[in-house]
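Chain identifiers are assigned alphabetically (A, B, ...) following the order of the sequence lines, protein sequences preceding nucleic acid strands; residue numbering begins at 1 within each chain.
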Protein chains: 2
Amino acid sequence: MTEFNLRVATKSDCPRLMELIRELALFERAPDEVTVSLEEFEEAGFGPHPVWKAFVVEIDGVVVAFALYYVRYSTWKGSRLYLEDLIVTEDYRGKGLGKLLFDRLFQEVRELGFSGMVWQVLDWNEPAINFYKKYGADLDAGWLNASLSKEQVASL
Amino acid sequence: MTEFNLRVATKSDCPRLMELIRELALFERAPDEVTVSLEEFEEAGFGPHPVWKAFVVEIDGVVVAFALYYVRYSTWKGSRLYLEDLIVTEDYRGKGLGKLLFDRLFQEVRELGFSGMVWQVLDWNEPAINFYKKYGADLDAGWLNASLSKEQVASL
């Protein structure tokens, strides 16, 4: 395999990360759902109150995969790492980059003392589900994701 | 209706909030899943780096309902209010306390400029689903909740 570089994301990675986020949204059949701007994304990661952190895998100077997380608070379990996105660009799938990022996330959970890690996966995304099952992850059906947009809230 | 007091939760509310959290876990058929300690819960809400905030409804000096949220970061939508728990103790259901708390959350979304609010609901919890539908909330099936506990991560 080509030489890779695993590191924490910096502000200058943001445009490329947003490209990959759009690639995933397309795969998840929701390309129009990405409405956050680059400016907001940068501010949220590198402004005065950072809310997310990401690890990137770089090959030949190009970011080809990343994992982005924030801290979620569960009234059952306490503070946990919430894996918002794990993305490997199409040409680099099946080469172990997902495992590399997962290992880095496990290290983060241990180092920062989180009570575990959580994420969501679409129920038809078999390759991802199989990958998660290898780690013995618990996959829980039966919950609906509920949401109200800013515009809906403004009208209520 | 009896006189009520809607206010932001303080540290001294934590023991009562945990009672209500256990009441909800029982209703959600997962009483053993509440493993967070009172000390961790207080620290997460009122320590040097607070991660959650809650609104409580008090009647005759007793907290009978509350809504607890933290900020979640979506790479599609930006920062949103994540409603972790909305609990009305059994004797006080159907009296409009849920609506009261929802209105307060909407105010929070508007004041803090969140890009919306999100939460989860069990797909068999009809009363809750009907309540959310009144607001036109989007209810999205098809996602699995994945998790690895601290102990699992330690063993990987």
Side-chain angles (χ1 to χ4, degrees), chain A residues 17-18 21 25 30 33-37 40-41 44 51-52 68 70-80 82-85 102-103 106 109-110 114-124 129 132 135-154 156, chain B residues 17-18 21 25 30 33-37 40-41 44 51-52 68 70-80 82 84-85 102-103 106 109-110 113-124 129 132 135-154 156:
Chain A
L17 296 187
M18 286 214 62
I21 286 164
E33 291 295 319
V34 183
T35 55
V36 73
S37 71
E40 290 164 327
F41 183 62
V51 290
W52 61 261
L68 183 150
Y70 62 88
V71 183
R72 78 155 282 194
Y73 187 75
S74 160
T75 47
W76 292 5
K77 302 294 182 190
S79 294
R80 294 194 289 187
Y82 186 91
L83 176 61
E84 166 72 10
D85 275 330
F102 247 49
D103 286 344
F106 297 156
V109 168
R110 288 188 291 254
F114 291 122
S115 70
M117 63 183 262
V118 281
W119 65 99
Q120 288 200 311
V121 60
L122 282 160
D123 58 10
W124 51 259
I129 289 170
Y132 300 143
Y135 294 99
D138 184 52
L139 296 169
D140 193 6
W143 291 88
L144 304 174
N145 283 343
S147 63
L148 283 167
S149 70
K150 185 176 193 158
E151 292 71 25
Q152 284 176 298
V153 170
L156 286 167
Chain B
L17 296 187
M18 286 215 62
I21 286 163
E33 291 295 319
V34 183
T35 56
V36 73
S37 71
E40 289 164 329
F41 183 62
V51 292
W52 61 262
L68 183 149
Y70 62 89
V71 183
R72 79 156 281 194
Y73 188 74
S74 159
T75 48
W76 292 5
K77 302 294 181 189
S79 293
R80 294 196 287 187
Y82 187 91
E84 166 70 11
D85 276 331
F102 247 49
D103 285 344
F106 298 156
V109 167
R110 289 187 292 254
F114 291 122
S115 71
M117 63 183 261
V118 282
W119 65 98
Q120 288 200 312
V121 59
L122 282 161
D123 58 10
W124 51 258
I129 289 172
Y132 300 143
Y135 294 98
D138 184 50
L139 295 169
D140 194 6
W143 291 88
L144 304 175
N145 283 344
S147 64
L148 283 167
S149 70
K150 186 176 194 161
E151 293 71 25
Q152 284 176 298
V153 170
L156 286 167

Select, from Asp85(B), Val118(B), Leu156(B), Asn145(B), the one with the greatest count of heavy-atom pairs under 4.5 Å involving chain A.
Asn145(B)
Residues in side chain to side chain contact (heavy atoms under 4.5 Å, CB included) with Ser79(A), at least two apart?
Val71(A), Tyr73(A), Phe114(A), Val51(B)
If I measure from the heavy atoms of chain B, does Trp143(A) come under 4.5 Å with its side chain, its backbone, both, or neither?
both
Please flag which part of Ile129(B) lies under 4.5 Å from any non-hydrogen atom of chain A: side chain, backbone, both or neither.
side chain
Which portion of Val121(A) sits near chain B, non-hydrogen atoms under 4.5 angstrom
both
Between Gly116(A), Gly142(A), Ala154(A), the one whose heavy-atom pairs under 4.5 Å with chain B are most numerous
Gly142(A)
Between atom CG of Leu144(B) and atom CD of Gln120(A), what is the distance when rounded to the nearest 0.5 Å?
8.5 Å
Given the options Glu40(A), Glu151(A), Arg110(A), Gln152(A), which has more heavy-atom pairs under 4.5 Å with chain B than any of the others?
Arg110(A)
For Leu83(A), which atoms come within 4.5 Å of any heavy atom of chain B: side chain, backbone, both, or neither?
neither
Chain B contact via Asp138(A) - side chain, backbone, both or neither, heavy atoms under 4.5 Å
both
In terms of heavy-atom contacts, Val36(B) and Thr75(A) come closest through CG1-O, 3.3 Å
Between Trp119(B) and chain A, with a heavy-atom cut-off of 4.5 Å, which part of the residue counts as in contact: side chain, backbone, both or neither?
both
I need the residue from Leu68(A), Leu148(A), Val34(A) with the largest number of non-hydrogen atom pairs under 4.5 Å to chain B.
Leu148(A)
I'd like to check the side chain to side chain contact (heavy atoms under 4.5 Å, CB included) partners of Lys77(B); sequence neighbours left out, ordered by chain and number.
Glu33(A), Thr35(A), Ser74(B), Arg80(B), Ser115(B)
